[in-house]
Protein chains: 2
Amino acid sequence: MEFKEAKDKFINTWGAFGTLWGINKAMAQIHALLFISPDPLSMEDIMEELDISRGNASMNLRALMEWGIVYKIGVTGERKEFFTSEKDVTELSRQIAKERSRRELQPTIRVLKEISNITDDGTAKTKEFIKQTKAMYDLADTADTMMNRIVNQEQNWITKTLVKLFK
Amino acid sequence: MEFKEAKDKFINTWGAFGTLWGINKAMAQIHALLFISPDPLSMEDIMEELDISRGNASMNLRALMEWGIVYKIGVTGERKEFFTSEKDVTELSRQIAKERSRRELQPTIRVLKEISNITDDGTAKTKEFIKQTKAMYDLADTADTMMNRIVNQEQNWITKTLVKLFK
DNA sequence: TTAAACTTTCAGTAATTATTGAAAGTTTAT
DNA sequence: ATAAACTTTCAATAATTACTGAAAGTTTAA
């Protein structure tokens, strides 16, 4: 396999993978493109490479910047702006985990906590509801805590130990 | 808040959460409904409760069964079939992690491995491509391994220890 | 067998989500 | 101040994804 084929395959695979996890195709593909590009790219470059419109490129670049995994940089002597992505996969996953937790997990956890607090009227359906939503709350909360701790901070001794044991 | 309101809130929240993670609304809502129901429900019950068509209910129930988190059961004396969900959240997350790994992560990992193996022609773009896709492969592979080990097997001492430390 | 009770399938349609492209907005150089 | 170079916005449209409903299929009971 040669470079061009491999590159296209990466961009497409990443796009498809993103789609399965609730990220739109163009966004994932722009990220993929920047991720493997040795140099920053202009909006023009991206539009051409991925065959997408200016508006699409603009909107998804902004979204990627809001996720904290793509940066806009100025190149001296150039009028237009250039974009580059987070190249360190550890930092990349840290950032994604952080954002998904903040945007999606935490709001859900808040609701679970709230609704699992209805007064127990003694009926079977209420009892089951409280039991199950509490269990779901605990699960989500534990997952969120672990996710944040593992990916947020610098790897501490326990994480290192764990990684060694799991490798 | 009373039961009915809390119940609707749970079903809707779960549906919205699922959507963000690539699971369709009806599927997530059916799961939510079964998850809090003390008794198994018939297709009729589900259709009525969620106000969806027979076809929709049928297809999503099948999908949930394929994910291994909803079961079809026969009730003696009843002609129609009843459905119930996995009630244990540990088993639920184990199953979801297992399936997402199998269906989505592993195929992606396979591609990453393949494409990061192109021959290095010495150009900067090829070098960067190989470096970055290898890094992504390592990340995905480690994540997959950890995910599977943590959620797949019975909690062993290290996991227990970890959970304690993280709580 | 027959037929009632129930489930599945899938073509058509609806709803949602993503994308375009051009007008409006912004920045920079002169 | 003007205009060229560039970016953003957003209404219109396209593409994708989900849902419906009825016909076909299956199971069960008599």
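Predicted model, so just to flag it, every value in this text is computed and none were measured. We name chains A, B, ... by the order of the sequence lines, and we start the count at 1 in each one.
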Nearest of [options] to any side-chain atom of [X]?
| X | options | value |
| --- | --- | --- |
| K72(B) | dT7(D), dT8(C), dT17(C) | dT8(C) |
| R79(B) | dT9(D), dT27(D), dT20(D) | dT27(D) |
| A26(B) | dC19(D), dT20(C), dT8(C) | dC19(D) |
| K80(B) | dC6(C), dT8(D), dG21(C) | dC6(C) |
| S53(A) | dT9(C), dT17(D), dT20(C) | dT20(C) |
| N24(A) | dT7(D), dT19(C), dT9(D) | dT19(C) |

Say whether [X] and [Y], considering side chains only, have a donor N or O and an acceptor N or O under 3.5 Å apart.
| X | Y | answer |
| --- | --- | --- |
| D121(A) | T123(A) | yes |
| D120(B) | T126(B) | no |
| D45(A) | S42(A) | yes |

Could you give the [atom1]-to-[atom2] distance, from [X] to [N], as a whole number of Å?
| X | N | atom1 | atom2 | result |
| --- | --- | --- | --- | --- |
| M47(B) | dA5(C) | CE | C1' | 14 Å |
| Q29(A) | dA15(D) | CD | P | 16 Å |
| M27(B) | dA18(D) | CE | P | 10 Å |
| I30(B) | dT7(C) | CD1 | P | 13 Å |
| N56(B) | dT17(D) | CG | P | 16 Å |
| M43(A) | dT27(C) | CE | P | 14 Å |
| I52(B) | dT20(D) | CD1 | C1' | 11 Å |

Discussion item. Both M65(B) and M59(A) contact DNA chain C. Which one's nearest nucleotide lies toward the 5' end?
Written reply: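 Looking at the nearest nucleotide for each, M65(B) comes out on the 5' side.
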
Item to complete: Establish, with yes or no, whether the OP1 or OP2 oxygen of dT7(D) is under 4.0 angstrom from a side-chain nitrogen or oxygen of R62(A).
Response: no

Worksheet item: Does R62(A) count as lying over the ring of W67(A), i.e. NZ or CZ under 6.0 Å from the six-ring centre, within 45 degrees of the axis?
Response: no

Item to complete: Give a yes/no verdict on a cation-pi contact between R100(A) and W21(B), requiring under 6.0 Å between NZ or CZ and the six-membered ring centre and an angle within 45° of the axis.
Response: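 Flagged: R100(A) positioned over aromatic ring of W21(B).
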
Worksheet item: Across the strands shown, which category fits E81(B) at heavy-atom distances under 4.0 angstrom: base, sugar-phosphate, nothing?
Response: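 Sugar-phosphate contact only - E81(B) comes under 4.0 Å of backbone atoms but never of a base.
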
Discussion item. At 4.0 Å (heavy atoms only), tell me whether R54(A) reaches a base, stays on the sugar-phosphate, or touches nothing.
Written reply: base

